Engineer: 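The structure follows.
Computed from a predicted model, the values in this text were never measured in an experiment. To find a chain, count down the sequence lines: A is the first, B the second, and so on, and within it residues start at 1.
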2 protein chains.
Amino acid sequence: MQGVETIKRSSSGSGLTERQGAVLEQALRLLVDGGERALTTAGVARAANCSKESLYKWFGDRDGLLSAMIAFQASKVRTLDVSGGVLDAASLKAHLVAFAKDLLDVLAGDVSLALNRLAIGQASREGSKLGRLLEERGRRQIGRRAGALLEAGRKAGLLAFSDAEEAYGALYGLVVSDWHLRMLLGENPSGLKKNFGLRAERAVDAFLALYGRKV
Amino acid sequence: MQGVETIKRSSSGSGLTERQGAVLEQALRLLVDGGERALTTAGVARAANCSKESLYKWFGDRDGLLSAMIAFQASKVRTLDVSGGVLDAASLKAHLVAFAKDLLDVLAGDVSLALNRLAIGQASREGSKLGRLLEERGRRQIGRRAGALLEAGRKAGLLAFSDAEEAYGALYGLVVSDWHLRMLLGENPSGLKKNFGLRAERAVDAFLALYGRKV
DNA sequence: CTCCATCAGTACCGTACGGTACGGTTCGCC
DNA sequence: GGCGAACCGTACCGTACGGTACTGATGGAG
């Protein structure tokens, strides 16, 4: 108990060593490729060239591993702050379209879909611990970015709404509709995956028709 | 091979005997209560007072049982046709609000949530067979009802849209937003489950602001 | 009554998983 | 060099599940 603190922390200071991060990376890969059934402790250990004993030492049990995977993935997604110069109508729309496209891209991502499927499958039992974690780390973040953007638009006199949450819900619904659920159910490969730009633009147009201030 | 056709078919002529329907009912109950892990062949046999051998005889294997559960549940949900008299603005809005509220009620139902969780969890492997089945039997039906309603509104000169699919997507998104996903992730018990009437009304107002013809 | 099909109940088998324990190896530190 | 911690690889254990086989009971048809 003297000089023992030379542990190499990972880049993101979330108490994980680089080795553990690499293990979580492999675990995510397994999950994306084969779903929850492929995510066995033996499989993770084999894919990551580590021992099961280490897995249990680092993450406690299987649920701890799942939680660590979600936290790890969330820590890699950084929502770029807007906070650009002053807003005019054109730049607000551009920011909204960029947000909408980013949202669609994130939701359609392999890892996001796999983690959402995992948390949803786990939601029945155990009080949906993973679901709440995923919501906290994922939706909360992107909701903050949207909230800031909407608030900036209102301050600039370009948007009119009373309840920010309601306006955000409308924006989200117009952008995503039932696409997220359909992708979660497995309906993707039909190439209709890259109208995201067009989808985003039309959704923002509709949103502005609802909440944009007449000029 | 003479008089052997005294088999008692169930009420819905989907080739299922009443006994088999009762078994599927118990299976759905198990799924709703305990999630996929609780839906074991032994558990279903015990809950339904039948033998595992009968289960495999009737449904082939576990996947066949799951598919039968989805088909069985879908066969019980009947979408009432609209097809009332002529539409005016008030009755169109009333129909839209009723549709929106029904949609929210269906999506928030125990069995619907459990089946969606099941299909989503299964979507990674096996080409998402269950997902497509659920989409065909569920979304297609309710989409037809909405499509007919929107088309009637357009014929009556009350709605203006070029792409019916796009208009339906906007309506769905405004009504549901991310509520379905949040419920799938397990975030329900906070009593905010019965603003459905209010939610439906506001969403329809927004939809009419977008696609309603100025009077 | 007898035959036959169906079905409940149970025992059984192979497999696969979560979790633990142990031997052997590397590596930093005194 | 020698010590100890961390760790890989693997073997191991208990359990639980999907699926199959067998026995006995029921009930309808001839």
Side-chain angles (χ1 to χ4, degrees), chain A residues 1-10 15-27 30-31 33-69 118 121-122 124-126 129-130, chain B residues 1-10 15-27 30-31 33-69 118 121-122 124-126 129-130:
Chain A
M1 273 248 208
Q2 297 97 328
V4 199
E5 274 309 319
T6 330
I7 310 178
K8 0 178 167 89
R9 301 286 177 182
S10 113
L16 290 176
T17 68
E18 296 178 12
R19 179 88 180 102
Q20 291 164 17
V23 169
L24 292 178
E25 203 80 53
Q26 290 302 315
L30 279 182
L31 179 67
D33 288 350
E36 182 180 359
R37 315 298 283 224
L39 195 70
T40 69
T41 55
V44 172
R46 200 179 322 114
N49 285 330
C50 76
S51 71
K52 288 171 67 175
E53 198 172 20
S54 300
L55 288 182
Y56 286 99
K57 180 174 205 166
W58 293 334
F59 307 110
D61 59 0
R62 191 172 184 270
D63 274 356
L65 176 65
L66 303 185
S67 301
M69 288 168 63
L118 177 67
Q122 214 89 354
S124 309
R125 64 178 187 284
E126 195 188 348
K129 183 184 149 203
L130 289 185
Chain B
M1 273 249 204
Q2 299 96 325
V4 199
E5 273 310 318
T6 330
I7 309 179
K8 0 175 167 85
R9 302 286 177 181
S10 112
L16 290 176
T17 68
E18 296 179 13
R19 180 88 179 98
Q20 291 164 19
V23 169
L24 292 177
E25 203 81 54
Q26 290 301 315
L30 279 182
L31 179 67
D33 288 350
E36 181 180 358
R37 315 297 285 224
L39 195 69
T40 69
T41 54
V44 172
R46 200 179 323 116
N49 286 329
C50 74
S51 71
K52 288 172 66 176
E53 197 173 20
S54 300
L55 288 182
Y56 286 98
K57 179 174 206 165
W58 294 333
F59 307 109
D61 59 0
R62 190 172 183 271
D63 274 357
L65 176 65
L66 303 185
S67 301
M69 288 168 63
L118 177 66
Q122 214 90 354
S124 308
R125 65 179 186 281
E126 194 186 349
K129 184 185 149 206
L130 289 185

Engineer: Working to the nearest 0.5 Å, report the span between NZ of Lys57(B) and CD of Gln20(B).
Structural biologist: 10.5 Å
Engineer: Say you draw a straight line from CG of Asn49(A) to OG of Ser54(A); how long is it, rounded to the nearest 0.5 Å?
Structural biologist: 11.5 Å
Engineer: In what stems does DNA chain C take part, counting only runs of at least 3 consecutive Watson-Crick or G-U pairs whose two distances fall under 3.5 Å?
Structural biologist: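 Stem list for DNA chain C: C:1-30 with D:1-30.
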Engineer: Report the distance from atom CZ of Phe59(A) to atom P of dC7(D), rounded to the nearest whole Å.
Structural biologist: 11 Å
Engineer: Would you say Trp58(B) reaches dT6(C)'s phosphate, i.e. side-chain N/O to OP1/OP2 under 4.0 Å?
Structural biologist: no
Engineer: Should Thr17(B) and Trp58(B) be marked as a side-chain contact (heavy atoms from CB on, under 4.5 Å) after you check the CA-CA gap, both sets of side-chain angles, and the distance that decides it?
Structural biologist: CA-CA 10 Å; Thr17(B) 68; Trp58(B) 294 333; 5.7 Å; no
Engineer: Considering every strand and a 4.0 Å limit on heavy-atom distances, what is the contact class for Arg46(B): base, sugar-phosphate, or nothing?
Structural biologist: nothing
Engineer: According to salt bridge (charged side-chain N to carboxylate O under 4.0 Å, His left out), who are the partners of Glu25(B), at least two apart in sequence or on a separate chain?
Structural biologist: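 Scan of Glu25(B) (salt bridge (charged side-chain N to carboxylate O under 4.0 Å, His left out), adjacent residues dropped) gives Lys76(B).
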Engineer: What is the distance from atom CG of Leu31(A) to atom CZ of Arg37(A), rounded to the nearest 0.5 Å?
Structural biologist: 13.0 Å
Engineer: Assign a letter to each nucleotide of nucleotides 14-27 of chain D from its 5' end: B, base within under 4.0 Å of a protein heavy atom; S, sugar-phosphate only; -, no contact.
Structural biologist: ---SBBBBB-----
Engineer: Applying side-chain contact (heavy atoms from CB on, under 4.5 Å), run through Ser124(B) and Glu36(A) and close with a yes or a no.
Structural biologist: CA-CA 8 Å; Ser124(B) 308; Glu36(A) 182 180 359; over 6 Å; no
Engineer: Please indicate whether Arg19(A) has more than 12 foreign heavy atoms, meaning atoms of other residues, nucleotides or ligands, lying under 6.0 Å from its CZ.
Structural biologist: yes
Engineer: Measure from CD on Glu18(B) to P on dC7(C) and round the result to the nearest Å.
Structural biologist: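 After rounding, the gap between these two atoms is 13 Å.
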Engineer: Partners of Asp33(B) by salt bridge (charged side-chain N to carboxylate O under 4.0 Å, His left out), sequence neighbours excluded?
Structural biologist: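 Scan of Asp33(B) (salt bridge (charged side-chain N to carboxylate O under 4.0 Å, His left out), adjacent residues dropped) gives Arg29(B).
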Engineer: Contact between Met69(A) and Leu66(A) at the side-chain level, heavy atoms closer than 4.5 Å - yes or no?
Structural biologist: yes
Engineer: Taking side-chain contact (heavy atoms from CB on, under 4.5 Å) as the test, write out the residues that go with Leu30(A), two or more places apart.
Structural biologist: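 In terms of side-chain contact (heavy atoms from CB on, under 4.5 Å), with neighbours along the sequence ignored, Leu30(A) is linked to Leu39(A), Val44(A), Ala47(A).
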Engineer: Just so I know, are the side chains of Asp63(A) and Gln122(A) near enough to count as touching, which here means a heavy-atom distance under 4.5 Å?
Structural biologist: yes
Engineer: Output a table of nitrogen or oxygen pairs between the protein and nucleotides 24-26 of chain C separated by less than 3.5 Å.
Structural biologist:
none

Engineer: Whole-Å distance between dG9(C) C1' and Asn49(B) CG?
Structural biologist: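 Interatomic distance, CG of Asn49(B) to C1' of dG9(C): 10 Å.
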